[in-house]
Structures are given as C-alpha cells and as structure tokens.
Amino acid sequence: QVQLAESGGGVVQAGDSLRLSCAASGRTFSNFALGWFRQAPGKEREFVAAISRGFSGTYYADSVKGRFTISRDNAKKTVYLHMNSLKPEDTAGYYCTAQVPDQGGNYYYSSAYDYWGQGTQVTVSS
C-alpha cells in the first residue's frame, strides 16, 4: 500500500510562486512514476505534470509548460511541483498521484495511476 500526502497549497496573488510537496510512504519510491493533476470546481480533473522513474523524463500540460517544474527526491520519497507565474486559472485542488511501478507511458491519463493523495488547494487571486 502506498500513501501520498500533499502540502504547500495556499492563497497567493497572480504572478507569485508556490511549491507543492507530496510525501510518499510504502514501497520502493524510486520505481514509481509520479504525477500531479488538478481539479477546479465544476471541471474535470486534468493532468498537470509527471515525472518517470529514474529521472528519465518529465511531462507537462501545455497550460503550465514553462511555468511549472516537477522534480523528485528519491531519498526523501517526495515529489515537488514548483509553480511560477501563477495565474487565476491555476486555481484548483492539486492532487499527487503514483503509478506503481512505472509502466513507461500514459502519464497524461488519470486512469493510469494507482494511488492518489487527498489534495491541497491552490487559490490565485487577480
């Protein structure tokens, strides 16, 4: 069993930066593919970013490319989402997710992931 716990959300102004963290427990973290999704009220959950095992690849939604960076620290069993130049449309609940083990693809689809955190709220005011 894998447990994921997000932290770092909050209320910020447009143009600010924020770093989300997701701490994992359980199995061999280094074998996970990890992702971040977000969901705004009344909208579908959408892909934000993913990172494969072994730092071999990072993947981003077009809406965040160039502003957000996903990274991982296997020693700390933590994945991060660094968010810069935040916009009001980034307001959403942000969810950490893990694919156990990394299947080598389908990172953009929520159905490809096995475990989910409870989420952390990010609110960006204009």
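Bear in mind the structure is a predicted one, so any value in this text is a computation, not a measurement.
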Does [X] share a hydrophobic cluster with [Y], counting links as ILVMFWY side-chain heavy atoms below 4.5 Å and allowing steps through other members?
{"X": "I51", "Y": "Y115", "value": "yes"}
{"X": "Y109", "Y": "W116", "value": "yes"}
{"X": "F37", "Y": "Y80", "value": "no"}

Measure the spacing between [atom1] of [X] and [atom2] of [Y] and express it to the nearest 0.5 Å.
{"X": "L81", "Y": "T69", "atom1": "CG", "atom2": "OG1", "result": "8.0 Å"}
{"X": "S25", "Y": "K77", "atom1": "OG", "atom2": "NZ", "result": "7.5 Å"}
{"X": "W36", "Y": "L20", "atom1": "CH2", "atom2": "CG", "result": "4.5 Å"}
{"X": "S110", "Y": "E44", "atom1": "OG", "atom2": "CD", "result": "9.0 Å"}

Checklist line | Cation-pi check, R67 onto Y60 ring (under 6.0 Å, within 45° of axis) | finding: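 No, a cation-pi geometry is absent between R67 and Y60.
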Note to self: My understanding is that only residues two or more places apart in sequence, or in another chain, count here; which of them pass salt bridge (charged side-chain N to carboxylate O under 4.0 Å, His left out) with E46?
What the structure shows: R38
Quick one: are [X] and [Y] in side-chain contact, heavy atoms under 4.5 Å?
{"X": "C96", "Y": "V79", "value": "yes"}
{"X": "Q103", "Y": "P101", "value": "yes"}
{"X": "M83", "Y": "V122", "value": "yes"}
{"X": "K76", "Y": "F29", "value": "no"}

Locate the shortest heavy-atom distance separating [X] from [Y]; write the atom from each residue and the value.
{"X": "A92", "Y": "A40", "result": "CB-N, 3.9 Å"}
{"X": "V48", "Y": "V64", "result": "O-CG2, 3.5 Å"}
{"X": "G104", "Y": "Q99", "result": "N-OE1, 3.9 Å"}
{"X": "A98", "Y": "L34", "result": "CB-CD2, 3.9 Å"}
{"X": "N74", "Y": "S30", "result": "ND2-CB, 3.6 Å"}
{"X": "T78", "Y": "A23", "result": "OG1-CA, 4.1 Å"}

Notebook entry, point to check: Can you name the side-chain contact (heavy atoms from CB on, under 4.5 Å) partners of D16, sequence neighbours left out?
Noted result: V12, Q13
Checklist line | side-chain contact (heavy atoms from CB on, under 4.5 Å) partners of A50, counting only residues at least two apart | finding: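 So A50 forms a side-chain contact (heavy atoms from CB on, under 4.5 Å) with F47, Y59, Y107, Y113.
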Margin query: Tell me whether the count of non-hydrogen atoms from other residues, nucleotides or ligands lying under 6.0 Å of CD in Q3 goes above 12.
Written below: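 For Q3, atom CD is not crowded (no more than 12 foreign heavy atoms under 6.0 Å).
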[X] side chain vs [Y] backbone, donor-acceptor pair below 3.5 Å:
{"X": "E6", "Y": "Q118", "result": "yes"}
{"X": "R72", "Y": "F32", "result": "yes"}
{"X": "D102", "Y": "S52", "result": "no"}
{"X": "N106", "Y": "A112", "result": "no"}
{"X": "T91", "Y": "V124", "result": "yes"}

Check: Hey, are D62 and K65 close enough for a salt bridge, meaning a charged N less than 4.0 Å from a carboxylate O?
Finding: yes
Next item on the list: Go through the steps to decide whether F68 and L86 satisfy the test side chain to side chain contact (heavy atoms under 4.5 Å, CB included), and finish with yes or no.
Entry: CA-CA 9 Å; F68 290 12; L86 282 162; 3.8 Å; yes
